[in-house]
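Structure first, then comments.
Side chains are part of it too, since the values below use all heavy atoms of this structure and drop only hydrogens, waters and symmetry mates.
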Amino acid sequence: MTKLPLKIDLIASARKLTASGQSSVSLFQHGDANVLLFVPKDQDTQVKHERDELYVIQSGQGIFQRDHETFRCEPGDVPPPVALQLLLP
C-alpha cells in the first residue's frame, strides 16, 4: 500500500529527467495512474492519446491551447484537463 500523502522529491526527479535525456520521466505508477515529470522544450509536440492527463504547473509560465481556446498558466495552476497542447512563450 502506498503511504499517503504521496511525496515527490522534485530535485531528485529533475535529476532523473536530465539523466534520461527525454522530455518526461515516470515518477510513480499505480494501476492506470502514472505521475510524470514533463518538461517540454519550446513547444509540446505530443499528440492526442487515450490516457487522461492532468497538468500541474510547477514553474515557469506558458499557454495551454485547446481547439481555438487558450489558457495562460503559471506555477500552481491546473489547466483544463482536456487541454491538448502546451505552448511556451
Side-chain angles (χ1 to χ4, degrees):
M1 179 170 274
T2 303
K3 184 179 175 186
L4 296 176
L6 176 64
K7 299 281 187 181
I8 294 175
D9 181 334
L10 294 175
I11 293 172
S13 298
R15 288 183 184 133
K16 182 178 179 182
L17 177 65
T18 299
S20 78
Q22 303 295 313
S23 62
S24 68
V25 66
S26 179
L27 304 178
F28 173 81
Q29 277 190 276
H30 180 74
D32 289 339
N34 187 12
V35 176
L36 299 173
L37 175 60
F38 173 63
V39 180
K41 306 274 191 277
D42 298 320
Q43 184 169 340
D44 174 6
T45 58
Q46 295 183 91
V47 294
K48 187 175 181 179
H49 38 270
E50 298 297 315
R51 176 174 254 159
D52 291 336
E53 294 184 341
L54 183 67
Y55 290 86
V56 178
I57 308 304
Q58 183 216 348
S59 65
Q61 56 186 312
I63 300 169
F64 269 85
Q65 181 177 350
R66 177 185 62 201
D67 297 324
H68 300 292
E69 296 180 278
T70 58
F71 306 90
R72 292 197 147 296
C73 55
E74 58 187 36
D77 286 349
V78 179
V82 293
L84 299 178
Q85 187 174 32
L86 174 63
L87 308 173
L88 301 175

If you take all heavy atoms of [X] and [Y], which pair is closest and at what distance?
{"X": "P75", "Y": "G60", "value": "CD-O, 3.0 Å"}
{"X": "F38", "Y": "S24", "value": "CD1-CB, 3.7 Å"}
{"X": "Q22", "Y": "L17", "value": "O-CD1, 3.4 Å"}

Could you grab the distance from atom OG1 of T18 to atom CZ of R15, nearest 0.5 Å is fine? 9.5 Å
Calculate, to the nearest 0.5 Å, the distance between atoms CG and CG belonging to D9 and L27 respectively. 10.0 Å
Check each of L37, V39, L36 against V25 using the side chain to side chain contact (heavy atoms under 4.5 Å, CB included) test, and report the only one that passes. L37
